[in-house]
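Reviewing the structure listed below.
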Amino acid sequence: MAPSPAADSVPAVSGQVNLRGTVGIPRGGLRNNISGVGGRLHGYIGGWIGRRPLLVGLDLGILNYGRTTDQVPFSRTVGPRVPVEVSTNNNVVETHLSLRLQPRTGRLRPYVEGLAGFKYLFTRTTIGDDDFGNDDLGDDELGDDIAESTNYDDFALSGGAGAGIDVRVYQQREPEKTLRAVGVHLGVQYLLGQEAEYLAEGDLTDENENGQELDVRRSRTTFLQPQFGVTFRLADTD
């Protein structure tokens, strides 16, 4: 028996991948503890359920909401003769499952989604050499990390909603290709978060020269996240 036309039209792979830049705007109590906004990268991979306009996917991202860099002596013994660069970064890793309602085809594909997962907030300090600009060293010897440590971290359950649109800018005409279309992505997410403890920019100090002093903050961890990026649609048909 010959397969039905409907069976022939179902692709072996049917989903999409998205990469985007994100601006993290703190809301609520978090806004009182963090000055300004954060930002970095997010990625998404999802697949449609059957022939319905419903995708299940995984949304991963990292936001940096603070950074300090200082030049300090390598040790008290050598004093300022051997300086090192000490960089402290305040970050949030976001991991969410996404259930998204979005048309499978079309030049303009708006969507809405629900998200559920967690946030991992951590502050990490890295010590690197200060040999930048030294002409006697090769490129492979510049900027090596000497040591690093996580100063403080915490988890918070997270969930929220998102909306946006993918605007197709390229369509593949060869049916055997896996990449079917490329689109510009515009979107926004509002992600509520449980209370968590964290450090803000500049909260890690060593004023007494006898160990780190932590000014730990606590609040809910809610972000409003405008996003811009690109979407790759895989093995689907228009």
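Note that the coordinates shown come from a computational prediction; the quantities given were computed from them, not determined experimentally.
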CD1 of I165 to OH of Y111, rounded to nearest 0.5 Å, is 10.0 Å
- Do L179 and L234 touch side chain to side chain, with heavy atoms closer than 4.5 Å? yes
Look only at the side chain of R31 and the backbone of P26, and say whether a donor-acceptor pair between them is shorter than 3.5 Å.
no
Under the criterion side-chain contact (heavy atoms from CB on, under 4.5 Å), I'd like the reasoning laid out for V92 against T221: C-alpha separation, chi angles, the key distance, then a yes or no.
CA-CA 10 Å; V92 182; T221 53; over 6 Å; no
Review point. If Ile, Leu, Val, Met, Phe, Trp and Tyr residues are connected whenever their side-chain heavy atoms lie under 4.5 Å apart, and connections chain through other members, are Y170 and V184 in the same group?
Key: yes
One should read off an interatomic distance between R173 CZ and R180 CZ, to the nearest 0.5 angstrom, of 9.0 Å
### Message
Determine whether a donor-acceptor pair (N or O, by modelled atom type, separation under 3.5 Å) exists between the side chain of Q225 and the backbone of L191.
### Response
no
E113 side chain to G162 main-chain N or O, any donor-acceptor pair under 3.5 Å? no
Next item on the list: Could you tell me whether D154 and R217 have a side-chain N and a carboxylate O separated by less than 4.0 Å?
Entry: no
Taking every heavy atom of L199 against every heavy atom of Y65, the minimum-distance pair comes out as O-OH, 2.7 Å
Next on the checklist: Would T88 and T125 count as a side-chain hydrogen bond (donor to acceptor under 3.5 Å, both in side chains) here? Give the steps.
Outcome noted: CA-CA 4 Å; T88 300; T125 296; 2.9 Å; yes
Notebook entry, point to check: What orientation do F118 and F155 show, parallel under 30°, tilted 30 to 60°, or perpendicular over 60°?
Noted result: tilted
Q.
As a quick check of understanding, evaluate side-chain hydrogen bond (donor to acceptor under 3.5 Å, both in side chains) for T231 and D166, giving each step before the final call.
A. CA-CA 7 Å; T231 297; D166 289 314; 2.9 Å; yes
Any cation-pi pair here, R27 with Y190, using under 6.0 Å and within 45°? no
Side-chain touch Q16/H185, heavy atoms, less than 4.5 angstrom:
no
In this structure, CD1 of I25 is separated from OG1 of T222 (nearest 0.5 Å) by 13.0 Å
Sidechain-backbone polar pair: R107 side chain, R168 backbone, donor-acceptor under 3.5 Å:
yes
Practice task
Check step by step if side-chain hydrogen bond (donor to acceptor under 3.5 Å, both in side chains) holds for T123 and N151.
Solution key: CA-CA 6 Å; T123 296; N151 310 110; 5.9 Å; no
